[in-house]
Amino acid sequence: MSNAVLQMRDINRTYGKGEHALTVLNGAALEINRGELVALVAPSGAGKSTLLHLAGLLEKPDAGSLMIGGQECGTLNDDKRTQMRRTDIGFVYQFHHLLPELDARENVSLPQLVAGSGQTAANARSDELLEHLGIAARATHRPSELSGGEQQRVAIARAVANQPKLLLADEPTGNLDPSTSDIVFEALTDLVRNTGLAALIATHNHDLAARMDRIITIEDGHIVGI
């Protein structure tokens, strides 16, 4: 049985047509296993956002195979793609996008409620994650009452609340000072290792990238190791 969570084979993605066509990915291939952290380090315009959008089922490839948890996703309809984003994929961004009117526990519980969980179970799961990330004491605080690092840890808890298979992060520490960045990255790493997530993390921080299992970049439409 394959240990791969994300599998991409011969992925092509082109924007525009004719003389204005821009091919960003051309025969790209990538595989990420359970419990593995992969750093994506690429210059602006190389296709980093396209790769994350494809992996997150926010865009469809023009050609090739894209599988998450063994399921072919490249040809799914919009409803099924939305469902998979809710259950199988977690997203963490540079800016946390927490709902300001909700406290930390409520922000983490919300995606669970949307997915059909009951309030009691959602709260218990939220408290467990906040405890794991070292911010249980801040559960009833709203985002405005939290530090930047605390807000980002709440965002990480929210991203994994529905126990996804794949975690995608775009510059998750890019808005933090170096010491806070370290704390958030360690929390994220520990969570991936302990839950068996597969994680693709885009970052410009080469020190953080070097602490992951491997580093990839995008060159001439191909995904290559560094």
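Counting begins at 1 with the first residue of the sequence. What you see below is based on every heavy atom in this structure, not just the backbone, and it leaves out hydrogens, waters and symmetry mates.
Considering Q112, R105, E106 as possible partners of S126, the one that fulfils the side-chain hydrogen bond (donor to acceptor under 3.5 Å, both in side chains) test is Q112. Of the residues K80, K165, R81, the one that meets the salt bridge (charged side-chain N to carboxylate O under 4.0 Å, His left out) test with D88 is K165.
A donor-acceptor contact under 3.5 angstrom links the side chains of S179 and D177, judged on distance only. D79 and Q83 are not linked by any side-chain donor-acceptor pair at a separation below 3.5 angstrom, with hydrogens and angles left out of the test.
A salt bridge links E186 with R211; the closest basic N to acidic carboxylate O contact falls under 4.0 Å. Ion pairing of D170 with K48 is present here, as a side-chain N (NZ or NE/NH1/NH2) and a carboxylate O approach within less than 4.0 Å. Electrostatic pairing of D103 and R142 does not count as a salt bridge here, judged by no charged N lying under 4.0 Å from a carboxylate O.
Inter-residue side-chain proximity for M8 and E31 is flagged as unmet; no heavy-atom pair is nearer than 4.5 Å.
Cluster annotation: Y15 is connected to I11 through the hydrophobic network of ILVMFWY side chains, with a link wherever side-chain heavy atoms come within less than 4.5 Å. Both L76 and L54 are assigned to one and the same hydrophobic cluster, defined by single-linkage of ILVMFWY side chains at heavy-atom distances under 4.5 Å.
A donor-acceptor pair is defined here as one N or O able to donate and one able to accept, closer than 3.5 Å; such a pair exists between the side chain of Q151 and the backbone of L146. In terms of modelled atom types and a separation under 3.5 Å, the side chain of N107 and the main chain of L102 share a donor-acceptor contact. Between the side chain of R153 and the backbone N or O of I183, no donor-acceptor pair lies under 3.5 Å. A side-chain donor-acceptor contact under 3.5 Å links R125 to the backbone of A161. Remark: the backbone N or O of N26 is not paired with any side-chain donor or acceptor of T23 at under 3.5 angstrom. Checking side-chain atoms of T217 against main-chain N and O of V41 turns up a donor-acceptor pair under 3.5 Å. When atom types are taken as modelled, the side chain of R86 and the backbone of V114 share no donor-acceptor pair closer than 3.5 angstrom. Of the possible polar contacts, none joining the H222 side chain to the L25 backbone as a donor-acceptor pair under 3.5 Å is found. Between the D10 side chain and the G64 main chain, no donor and acceptor come within less than 3.5 Å of each other. Within the 3.5 Å criterion, the main-chain N or O of L30 finds no donor-acceptor partner in the side chain of Q7.
Between the CG atom in L168 and the NE2 atom in H53 there is a gap of 10.0 Å [rounded to 0.5 Å]. We find the CD1-CZ distance between I32 and R34 to be 14.0 Å, quoted to the nearest 0.5 Å. A distance of 7.5 Å separates CD1 of I218 from OG1 of T50, quoted to the nearest 0.5 Å.
Other residues, nucleotides and ligands place no more than 12 heavy atoms under 6.0 Å from the CG atom of D220.
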Identify every side-chain donor-acceptor pair in residues 66-73 under 3.5 Å, counting partners at least two apart or on other chains, and give the distances.
unit_1: E72; atom_1: OE1; unit_2: S65; atom_2: OG; d: 2.7
unit_1: E72; atom_1: OE2; unit_2: L66; atom_2: N; d: 3.1
unit_1: E72; atom_1: OE2; unit_2: G74; atom_2: N; d: 3.1

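Aromatic ring orientation, H97 versus Y93: perpendicular (interplanar angle above 60°, classes split at 30° and 60°).
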